[in-house]
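Everything on this sheet refers to the single structure shown next.
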Amino acid sequence: MASVARIASALAILAGLGACASADRDGARTLATAGVTATGAISAEVGARADRLAAKALVYNFDHAYTLMRSCGGPNDPITNTGRGGTCDIISTAEQLRDDGVSRNLARLAHIVRLRARAVDQLAAAYRALAAEADYDARGDFETKIGQATQGVNTLAGAVGLGPLPAIATTGARILGGQLATNAQQRRLVGGSARLQAIAIHLREALAKEQVLHAQLDAVASSIEADGRRSLAIAGLIEPLPSLRQVVTSSAFPATDDSALQSALGRDPALNAAAQVAALAARPDPSAPALEAAIAVLDALIADHRDFEARRTLSLADLTASVARLTELIAAAKADLAPPAPPAPPAPAAGGNAP
């Protein structure tokens, strides 16, 4: 999977490539670079989404089990670990959770995301093969990679309830802006673009179907994170300091070190409680915008294919903007899941020696 940093560096390359592109070898190289950059951005979104789904599953299982186990522990309902059944048995509860509806839906979506990762990687390989075809007439490798990309997208499409990729014409002269392709190599490049465009369109439809599945899961389990934080609060594990620090910063007051904030929390129970309320009331940003942005990247890439096949100049401006937007959302999603940084050590006293 491409890193966010690699995607960002590719944006500058894209910006300078499209000015002189046309439906020839140079245009095919530009289109291939656009495809590799687009699929790289979508691949990075896959990684962020997979992490979020794994976190949701873990928090859901914890919260559900903790809610059940809080009623256990007495002489009549001891907590056991035998697998013999009952809501107070650890093994039996885990087995029940693994097979319940939310867990199954989370597992299904995780499987779909893995299929998308493979399909996107195979499509990226096909775009790299398009560049090689433009450079070296590497026809055999291009055919192989297109076949693999087709299979990968068809597998993903089946998992989200779509049919297979529609067959498209891949041989013979194509009409390009009222003109025939002038040679066999150009016909192969334009025909390859048409096939890649069809794959990208089917991938876009699969992402739209996947988006619906995520929305359905969120409707069923929209409070997974909130319920998990509630259970942590009941267990006394909500730390008020981070949220209070954010409140002070957001209020534009002078910066206060953590020791002063901690002292204030210790002196004022209401302040402590309010900071915990602020932490519990915060809603995590939904991950849907990143998937919408991934679809927008594919829309821009599909438009570039159409321009290439019609022998129009490729500007790639829309693709560059779409990839930049998706990259921002991926970075925000990763930051949301990252553990908080440890507090900085106190500064040494004036005139003292640093340790």
- Task: Given side-chain contact (heavy atoms from CB on, under 4.5 Å), test I90 with T80 step by step and report yes or no.
- Result: CA-CA 6 Å; I90 294 171; T80 60; over 6 Å; no
- Message: Test side-chain contact (heavy atoms from CB on, under 4.5 Å) on R70 and I234; report intermediate values, then the result.
- Response: CA-CA 10 Å; R70 283 176 56 215; I234 291 171; 3.6 Å; yes
- Message: Pair T313, F308 - check side-chain contact (heavy atoms from CB on, under 4.5 Å), show working.
- Response: CA-CA 7 Å; T313 300; F308 172 76; over 6 Å; no
- Message: Under the criterion side-chain contact (heavy atoms from CB on, under 4.5 Å), I'd like the reasoning laid out for R98 against S103: C-alpha separation, chi angles, the key distance, then a yes or no.
- Response: CA-CA 6 Å; R98 189 171 59 243; S103 293; 5.7 Å; no
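Clustering ILVMFWY residues whenever any of their side-chain heavy atoms sit less than 4.5 angstrom apart, transitively, puts V160 in the very cluster that holds I295. Connection of L265 to V247 is not established within any shared hydrophobic cluster, with ILVMFWY side chains joined at heavy-atom distances below 4.5 Å, either directly or through further cluster members. Two different hydrophobic clusters hold L329 and V323 under the rule that ILVMFWY side chains link at heavy-atom gaps under 4.5 Å. Under a hydrophobic clustering in which Ile, Leu, Val, Met, Phe, Trp and Tyr are joined whenever their side-chain heavy atoms come within less than 4.5 Å, directly or via other members, Y127 and I201 fall into different clusters. One hydrophobic cluster, built from ILVMFWY side chains closer than 4.5 Å, holds both I42 and L162.
Ion pairing of R245 with D258 is present here, as a side-chain N (NZ or NE/NH1/NH2) and a carboxylate O approach within less than 4.0 Å. Using a 4.0 Å cut-off between charged side-chain N and carboxylate O, R49 and E45 make a salt bridge. Salt bridge status for D141 with K145: present, with a side-chain N to carboxylate O gap under 4.0 Å. Taking the charged nitrogens against the carboxylate oxygens, R118 and D121 have no contact shorter than 4.0 Å, which rules out a salt bridge. Looking at D135 and R25, no side-chain N of the basic residue comes within less than 4.0 Å of a carboxylate O on the acidic one, giving no salt bridge. For R195 and E143, the salt-bridge test passes: some basic side-chain N is under 4.0 Å from an acidic carboxylate O.
Side-chain contact between R116 and I112 is absent, with no heavy atoms from C-beta onward closer than 4.5 Å. For the pair F62 and T67, the minimum side-chain heavy-atom distance is 4.5 Å or more. Taking the side chain as every heavy atom from C-beta outward, L213 and R108 approach each other to under 4.5 Å. Taking the side chain as every heavy atom from C-beta outward, H202 and P166 approach each other to under 4.5 Å.
A donor and an acceptor atom, one from each side chain of Y60 and D100, are located under 3.5 Å apart. Side chains of Q276 and N272: a donor-acceptor N/O pair is present below 3.5 angstrom, by distance only.
Counted within 6.0 Å of CG on D318, heavy atoms from surrounding residues, nucleotides or ligands total 12 or fewer; the atom is thus considered open. Around the CD atom of Q151, the shell of radius 6.0 Å holds no more than 12 heavy atoms that belong to other residues, nucleotides or ligands.
Taking all atoms of both residues into account, the shortest heavy-atom contact from I330 to A48 is CG2-CB, 4.3 Å. Taking every heavy atom of both residues into account, A134 and R29 meet most closely at O-NH2, 3.7 Å. For S243 against A275, the heavy-atom pair with the smallest separation is OG-O, 2.6 Å. Taking every heavy atom of both residues into account, R229 and I238 meet most closely at O-CD1, 3.8 Å. Contact record, T93 with D89: OG1-O, 2.8 Å, taken as the closest heavy-atom pair. Among all heavy-atom pairs drawn from L319 and A38, the shortest one is CD1-CB, 4.0 Å.
Distance check, rounded to the nearest 0.5 Å: CD1 of I302 to CG of L203 gives 8.5 Å. In this structure, OG on S263 lies 8.5 Å from CG on D257, to the nearest 0.5 angstrom. Rounding to the nearest 0.5 angstrom, the gap separating the CZ atom in R128 from the CG atom in L130 is 12.0 Å. Interatomic distance, I146 CD1 to E133 CD, rounded to the nearest 0.5 Å: 9.5 Å. Summarising the geometry, atom CG belonging to L31 is positioned 9.5 Å from atom CG belonging to L189; distances are rounded to the nearest 0.5 Å. If you take CG on L165 and CD on E205, they are separated by 9.0 Å, rounding to the nearest 0.5 Å.
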